[in-house]
Number of protein chains: 2
Amino acid sequence: MRYSTDHKQQTREKLLASSGVLAKRGGFASTGVAELMKAIGLTGGAFYNHFPSKDDLFSEVVRRELCNSPFARLASQGADRERLRRCLKQYLSLAHLHNPEGGCPLPPLGVEIARAERPVREQAEHWLLELQAAWSETLGDERRAWALISQCVGALVVGRMLASEEVQQQVLDASRDVVEQALEED
Amino acid sequence: MRYSTDHKQQTREKLLASSGVLAKRGGFASTGVAELMKAIGLTGGAFYNHFPSKDDLFSEVVRRELCNSPFARLASQGADRERLRRCLKQYLSLAHLHNPEGGCPLPPLGVEIARAERPVREQAEHWLLELQAAWSETLGDERRAWALISQCVGALVVGRMLASEEVQQQVLDASRDVVEQALEED
DNA sequence: GTCTATACGATGATAGAC
DNA sequence: GTCTATCATCGTATAGAC
């Protein structure tokens with residue numbers, strides 16, 4: 001065979017990673033198959049050797065993005081308060097706000113996940129439940145964990161809607177305060 | 001003239017209202033001009049008698065949706081704590097979560113606003129600053145106002161990503177607790 | 001103002017050469 | 001596996017009849 005068997009795996013992985021970036025930047029629905037393939041140096045026709053449809057790619061992109069999310073490592077390995085604090089401080093930064101393509105998939109892809117078929121939402125739910133369980137352990141409060149997740153995702157969604165960096169910083173700082181308060185309480 | 005002058009105004013208003021609903025339901029970019037016009041009983045060709053382009057419609061839809069948002073009345077007229085509490089309880093309800101087309105535009109349209117041109121983000125910012133100012137008055141804390149806005153928007157974005165109503169209710173309840181706590185403190 | 005018809009590009013997806 | 005060529009459909013936007 002002209003192409004080794006793991007070449008297909010590598011191409012698939014490159015496509016998943018690159019598509020995650022493009023989807024978080026400009027939206028998944030708004031990005032065509034040809035554009036996704038061109039980003040990894042291929043043409044649109046080759047796409048269907050890797051995924052049966054564009055929707056299937058979305059499902060896999062979501063799965064991969066969630067596993068590689070800045071939150072993910074805190075979900076798998078139990079996190080002490082200090083580690084969680086540092087992670088959320090970085091999450092609620094202007095650097096993250098201005099870099100959706102390299103950041104958490106929840107703010108930029110959340111709405112598209114919400115409109116996707118049930119299996120996609122189920123895997124999002126499964127991952128979010130794991131995250132919430134991990135944070136509950138750290139915080140000692142299951143409800144505060146959910147509230148903190150919503151707080152962080154909301155801050156980025158709201159912040160990215162804004163035009164001026166000043167106000168964006170205000171929004172982020174306000175949520176940082178909430179995080180600090182939640183992590184200092186018993 | 002076969003059509004009265006205010007007939008055009010009425011058509012425009014119907015188009016704005018209907019497009020807001022469709023955009024919040026399925027996304028603005030994903031909804032074609034023909035579909036938007038068909039929803040008010042017209043064909044696609046008539047669209048350009050009312051707006052020079054689809055992007056211009058989006059800008060007007062965002063403006064109108066913000067002014068008619070469940071938050072809007074609380075922004076214009078100063079709100080006492082009790083009024084704000086009742087509004088946020090309704091905001092953080094399963095009824096609202098399952099009815100994006102009739103609810104707040106921030107969760108379903110926020111990401112598209114973030115990717116829109118600067119003027120769109122500027123008017124979103126202007127409106128959000130007014131809302132934050134009003135809530136600051138009620139809460140007596142400018143930062144808590146921003147945090148509360150992010151909390152509410154985030155809860156709906158996260159909740160709508162989920163598959164099961166149980167977990168959705170948990171996410172909403174967690175943010176309700178935060179709202180109650182913020183409104184009870186001095 | 002609204003219609004139909006149309007231009008023209010982009011879309012998701014397929015077929016067959018290599 | 002990837003390419004080019006192609007299909008059918010849809011997208012935004014325009015032109016002209018009524």
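FYI, side chains are in, hydrogens and waters are out, and symmetry mates aren't considered; it's all heavy atoms of this structure. Lettering of chains follows the sequences in order, A, B, ..., and the numbering in each one begins at 1.
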Between [options], which nucleotide gets closest to the side-chain atoms of [X]?
| X | options | result |
| --- | --- | --- |
| B/His50 | C/dG1, D/dG1, D/dA13 | C/dG1 |
| B/Thr43 | C/dG1, C/dC3, D/dA13 | C/dC3 |
| B/Ala46 | C/dC3, D/dG1, C/dG12 | C/dC3 |
| B/Val33 | D/dG1, C/dG1, D/dT12 | D/dT12 |

Quiz item: Taking everything shown except B/Glu117 itself, do over 12 heavy atoms lie less than 6.0 Å from its CD?
Solution: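 No.
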Quiz item: More than 12 foreign heavy atoms under 6.0 Å from CD of B/Glu101: is that the case here?
Solution: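 Above 12, so yes.
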Figure out the [atom1]/[atom2] separation between [X] and [N], and round it to whole Å.
| X | N | atom1 | atom2 | result |
| --- | --- | --- | --- | --- |
| A/Gln10 | D/dG1 | CD | P | 12 Å |
| A/Phe28 | C/dT11 | CZ | C1' | 13 Å |
| B/Leu57 | D/dA13 | CG | P | 10 Å |
| B/Tyr48 | D/dA15 | OH | P | 12 Å |
| A/Lys54 | C/dA10 | NZ | C1' | 11 Å |
| A/Asp56 | C/dA13 | CG | C1' | 13 Å |
| A/Lys38 | C/dA10 | NZ | C1' | 13 Å |
| B/Met37 | D/dT14 | CE | C1' | 15 Å |

Quiz item: How close do B/Arg121 and A/Met161 get, heavy atom to heavy atom, and via which atoms?
Solution: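 Minimum heavy-atom contact is CB-O, 3.2 Å.
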Practice problem: Look at the rings of B/Tyr91 and B/His96 and say which category their plane angle falls in: under 30° parallel, 30 to 60° tilted, over 60° perpendicular. | Solution: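 Geometry flag for B/His96 against B/Tyr91: perpendicular rings.
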Quiz prompt | Residue mapping more 5' on DNA chain C - nearest nucleotide basis, B/Gln9 or B/Gly44 | solution =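 Comparing both residues, the 5'-ward one is B/Gln9.
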Quiz item: So what does A/Gly45 touch, heavy atoms closer than 4.0 Å: a base, only the sugar-phosphate, or nothing?
Solution: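 Touches a base.
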Quiz item: Can we say B/Glu35 and B/Lys38 salt-bridge, meaning some charged N sits less than 4.0 Å from an Asp/Glu carboxylate O?
Solution: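 No, this pair does not count.
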